Protein chains: 2
Amino acid sequence: VSGGPVDLTLCETPALVLDRTRLQANLAAMAGRAARLDVALRPHLKTAKSPDVAALAAPIAGGRITVSTLREAEAFARLGYRDILYAVAISPDKVGRVAALLRDDVLLTVLVESAQGAAALALAAADQQVVVPVMIEVDSDGHRAGLAPEDPDLLVVARTLAEGPWTRLEGVLAHAGSSYDCRSLDAITAVAERERARAVEAARRIREAGLDVPQVSVGSTPTALMAANLDGVTELRAGVYMFFDLVMAGLGVCRLEDIALTVLTSVIGHQASSGAVIVDAGWMALSRDRGTANQAVDQGYGVVCDLAGRPIGDLLVGSTNQEHGLLARRDGGRLDPAEFPIGRRLRILPNHACAAGAQHDGYLVTEGTSSQVLARWPRFRGW
Amino acid sequence: VSGGPVDLTLCETPALVLDRTRLQANLAAMAGRAARLDVALRPHLKTAKSPDVAALAAPIAGGRITVSTLREAEAFARLGYRDILYAVAISPDKVGRVAALLRDDVLLTVLVESAQGAAALALAAADQQVVVPVMIEVDSDGHRAGLAPEDPDLLVVARTLAEGPWTRLEGVLAHAGSSYDCRSLDAITAVAERERARAVEAARRIREAGLDVPQVSVGSTPTALMAANLDGVTELRAGVYMFFDLVMAGLGVCRLEDIALTVLTSVIGHQASSGAVIVDAGWMALSRDRGTANQAVDQGYGVVCDLAGRPIGDLLVGSTNQEHGLLARRDGGRLDPAEFPIGRRLRILPNHACAAGAQHDGYLVTEGTSSQVLARWPRFRGW
């Protein structure tokens, strides 16, 4: 920041704030967990979409990363990352961009989830005359995509990829997205064990057919944090753990005070009829995500904190318009306008870090309870 | 587009598509309505955030526009717009940017919604030594912000703004956001009449106190379309009518075939267990908006259309992950994978045009049922 650190009270609102102290603690905790579980960590950068966060989460030289778009893959490749997993099933029209990265000596691994997908990829890779490394998506919970380990197509796909001239079978991958819907930590541990066991079983069946399966990749932030063991797994993927959010706190896998991401906002008015306070963070700044709506505690559009990042009583963002947020007490009680004068700055803990982050072009970086802005880190977006 | 028109089948996905034929029909219909109601139209550009759309919706010379952020105000001022209403209550820290535009001969009108807000603005305007034109927000439905016409503070605020040296009272403004929650067209007409009557009543009371009220501004897309008359009103504001969306169709103020905005997507897989088709438009491309969830017909995350923009049977985006959409039939029936081969392009009608648009950096512009891309129009964002 030119001219020395500025304070959050002087920044334009709404804006995204990242507490580097919490970020680094979250990164260290997950790195320690992967080490104890004896697996490689492949951080997912779909949440952060930030070169600066990536540099803290994974070393550029030798680091493994996961991405959710080719835009991310291209951006991180330009920064020097050489081992990138694109963890969304590939469609054939995207193989041209994949091939361009492979020709640039980026080990970009793609994902297929069906025999039709494997056949389409094999054709597109042949067109490009580039050998494409591929993981097979294993469905462990019916939540998204992939083949069940017992599906006869699993071996069809494995053979297509392992034996075809333009694909190379790198391994199997499972993502237990249903971990987000669990109602207890024990339930998450059970989902994690199923994610592990189904991925390992898929690898076993493919190996039994005489094919090589170097990687067995699993993960979601909840299962990564709650897995009892990862026997047979080689790598762990997770993304939202870097920042955490209210959905993760509602699941019980983090505390509110671990959440590194907030949205800075200013009071712009007061609703006389309801006693609500109006702020300039609406759904455009917070996202429309209502991921806590089905949890035990519905956090509305976010938990309201003071400028130091400490929650204020039971204050929530109760509702939003595009550029308006209405703050309300959980018990429905009126707020005292004198405590929330027009212009007062507040910070909102978001429901979902991936969604709230995506509404902004960068981070104001702070440390701990200080409101000094130490850096501005850009974000990118798009596909 | 360099090298002549390309086809949507060759464009990267996901991407935002704008049908210019429908856009122009929607613009013409609202312009005609404003003329018949004998009010000036002040289009709201918070939905489009696009210079190209703005140029069709309002003439640069002499055109009135509405914006939801100072970023929009600054962007449209650079393009030559000179009469801009920033229709979100102003906080004092934003007055520096307002003053910069006013010094540049942009008639930028701001909004206050309380006595505290008027006092804070008067102080900040004095600091800037610039006379700031102001509207007073009138609360017609308890939905968002503003003063009720009978609130004694209305006259306090009007006097503060009219008599202070650094503010000028431009008028009163009402926005009946509750029109989005109506269950019938008659209910919208009633909300529109209340929006009109409350704004006119506020103006009458201020005028009775001897003050000038040049503008009486009302609007939301549903009330703009359903108002029986706008007697006493001088200008009409609306934004989403340019594109329309599933929420507006659910309210009955447009048809599906009026919706000008879609998200282009590619099939990337099939979920064997459920019979769902997986596409590469997740919530990142569609937004998390679920505005039809409380309507008579819940449209999930969007209605699925073919490449010409025609809805396919009863096909919806039933659920989303960040970069995955799962297509499902409304009746729960399985989809035939052969009809949806990997790589097939589809278009999704979004719940909420403002939210879906904000997830993208530009529009692929088409006309009618043609899939030729005639132009690429950029969007901007941020605050």
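Note that the structure is a prediction, hence the values are computed from the model and not measured. Chain naming here is simple, since letters A, B, ... match the order of the sequence lines and numbering starts at 1 in each.
Among B:Thr9, B:Leu147, B:Thr13, B:Asp139, the residue making the largest number of heavy-atom pairs under 4.5 Å with chain A is B:Thr13. Your options are A:Pro92, A:Gly177, A:Ser114, A:Gly343, and the one with the most heavy-atom pairs under 4.5 Å with chain B is A:Pro92. Of the residues considered (B:Ser273, B:Ala119, B:Cys354), B:Cys354 shows the highest number of contacts with chain A, using heavy-atom pairs under 4.5 Å. Ranked by heavy-atom pairs under 4.5 Å with chain A, the first of B:Ala285, B:Ser319, B:Pro337 is B:Ala285. Options A:Gly382, A:Ala89, A:Ser91, A:Gly146 differ in how many heavy-atom pairs under 4.5 Å they form with chain B, and the most are formed by A:Ala89. Among B:Ala276, B:Ala124, B:Pro341, B:Pro14, the residue making the largest number of heavy-atom pairs under 4.5 Å with chain A is B:Pro14.
Residue contact with chain B, scored on non-hydrogen atoms closer than 4.5 Å, involves the backbone and the side chain of A:Ser68 alike. For B:Asn321, the part lying under 4.5 angstrom from a heavy atom of chain A is the side chain only. Only the side chain of A:Arg97 comes within contact range of chain B, with at least one heavy atom under 4.5 Å from a heavy atom of that chain. Residue contact with chain B, scored on non-hydrogen atoms closer than 4.5 Å, involves the backbone of A:Val267 exclusively. Contact annotation for A:Ser266: only side-chain heavy atoms (C-beta onward) come within less than 4.5 Å of a heavy atom of chain B. Residue B:Arg344: no heavy atom, backbone or side chain, is found under 4.5 Å from chain A. Using a 4.5 Å cut-off between heavy atoms, A:His324 contacts chain B through its side chain alone, with no backbone atom that close. Of the two parts of A:Glu12, only the side chain, counted from C-beta on, holds a non-hydrogen atom closer than 4.5 Å to a non-hydrogen atom of chain B.
Without hydrogens or angle criteria, A:Arg381 side chain to B:His360 main chain gives a donor-acceptor distance under 3.5 Å. A donor-acceptor pair under 3.5 Å is formed between the side chain of A:Gln116 and the backbone N or O of B:Ile342.
For the atom pair CH2 of B:Trp283 and CZ of A:Arg288, the computed distance is 14.5 Å after rounding to the nearest 0.5 Å. Rounding to the nearest 0.5 Å places CD of B:Glu113 at 9.5 Å from CD of A:Gln271. A distance of 6.0 Å separates CD in B:Gln322 from NE2 in A:His352, rounded to the nearest 0.5 Å.
Residues B:Thr69 and A:Glu323 approach most closely at CG2-OE2, 3.4 Å, considering heavy atoms.
The environment of CG in A:Asp127 is crowded: more than 12 heavy-atom neighbours from other residues, nucleotides or ligands sit within 6.0 Å. More than 12 heavy atoms of other residues, nucleotides or ligands shown are found within 6.0 angstrom of CG on B:Asp361.
Side-chain contact between B:Asp280 and A:Val88: absent, with no pair of heavy atoms (C-beta onward) separated by less than 4.5 Å. Counting only heavy atoms from C-beta outward, the side chains of B:Cys11 and A:Asp93 never approach each other to under 4.5 Å.
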*Please step through side-chain contact (heavy atoms from CB on, under 4.5 Å) for the pair A:Lys46 and B:Met284, ending with a clear verdict.*
CA-CA 10 Å; A:Lys46 77 188 178 98; B:Met284 188 64 82; over 6 Å; no
